[in-house]
Amino acid sequence: MGSTRSESRQSRGVIEHYREYLPVSATTSIVSLGEGNTPLIYCPQLSKRVGRACDVLVKNEGVNPTGSFKDRGMTVAVSKAIECGAKALICASTGNTSASAAAYAARAGISCIVILPAGKIATGKLLQAFAYGAKIVAIDGNFDDALRVVRELGKEDEFVIVNSINPDRIAGQKTAAFEIVDVLGDAPDFHLLPVGNAGNITAYWAGYREYERHQKSTKLPVLVGFQAAGAAPIFHNRVVEKPETIASAIRIGNPASWKQARAAIAESRGAIDIVSDAEILAAQSWLAKHEGIFVESASAAAIAGLFKCCDSTEAAYSFRTIPEASRIVCTVTGHGLKDPDPIIQQMNDLKPVAPTVNDVRRAMEL
Ligand code: F0G
């Protein structure tokens, strides 16, 4: 009754929805863009691919306000930063964190500085940071170098770091696990996701465990994380000095939440595995063409990973003998439109034809 018509019509956002599980108080002023409540989509073709009467569901985080899962953590991190009197936010990013930080900073009316590896950010993400008015600094180095610089700058009072080393980010991101349990009525049996800086796998595990403690679920899922083969420090158990992959969002050689990711994998009796760039691109295309879900390449690592679990004798976790009727959730983390370049390379030039039915028919048959 207290809310105005326009407020009551707004999407609530993850803080309003899961307030009692988040580090906010009645006086925290909430910075939200209506993030979260993303669809958990049953995928018949993926389910058929797995067989054994299993259900595969895709948690489509690409439909968040800035097109990635980062918004869940950013609403909490930015609301808390404002509460603490922050004047400026700072982050290192492979693209999505910077887009999200820039948007929430704009919403909060504070400045945002983003430190990015030069020439390594997908077009759509760079464009977002620019459009939302962030101060963009490109460095001659990779994401790990950018994060090192940000950690140093964060020691000064001027800036609040909004990378996932900020625990408020992880707190916000765990709401994705809550949503999955709320929709399914229990935790899934398996949860697959891409791994870069390893914040998200850490957040999911925290969310599943917290919900189980509150008896919202009766079990915990097995977590299986996927790194790109050329950027797989956790898989190889060593820092990768020069990480390389087409999936630029997860081109990370020294993840900040490495230890937490290892713990989540061990505690859930899961695994960490790798997928090649070719497998990632094939999975991205497959998901778009068979399920109508277009995701960025880093997100497709989860789908490539699912295929590997089903098909490969080298899979770190094989699905060949999993219980019948298991429920498998794959998180796809970012929208496909963020990173158009790899797709554009696969497209042929469109040669216009004359605007007649005959010419169009002829062109259709090509
Ligand atoms: N998928 C996408 C689309 C991402 O942008 C990221 C991370 C990940 C997966 C991996 O998540 O780091 O929590 O393990 N992107 C960060 C960024 C690093 O700067 O946008 P993670």
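Just follow the structure's listing: the first ligand is 1, and inside any ligand the first atom is 1.
Residue pairs meeting the salt bridge (charged side-chain N to carboxylate O under 4.0 Å, His left out) criterion with at least one partner in residues 343-358, sequence neighbours excluded, are absent.
Partners of Asn358 according to the side-chain contact (heavy atoms from CB on, under 4.5 Å) rule, which considers only residues two or more places apart in sequence or in another chain, are Thr356, Arg362. Applying the salt bridge (Lys or Arg N to Asp or Glu O under 4.0 Å) test to Glu179 and every residue at least two apart in sequence or in another chain returns Lys59, Arg72.
Relative orientation of the Tyr21 and Phe178 rings is tilted, given thresholds of 30° and 60° on the angle between their planes. The aromatic rings of Phe319 and Phe190 sit tilted, their planes meeting at an angle between 30° and 60°.
Asp277 and Thr245 are linked by a side-chain donor-acceptor pair at a separation below 3.5 angstrom, with hydrogens and angles left out of the test.
Protein residues with any heavy atom under 4.0 Å from ligand 1: Phe69, Lys70, Ser93, Thr94, Gly95, Asn96, Thr97, Pro194, Val195, Gly196, Asn197, Ala198, Gly199, Asn200, Ala249, Ile250, Ile252, Glu296, Ala298, Thr333.
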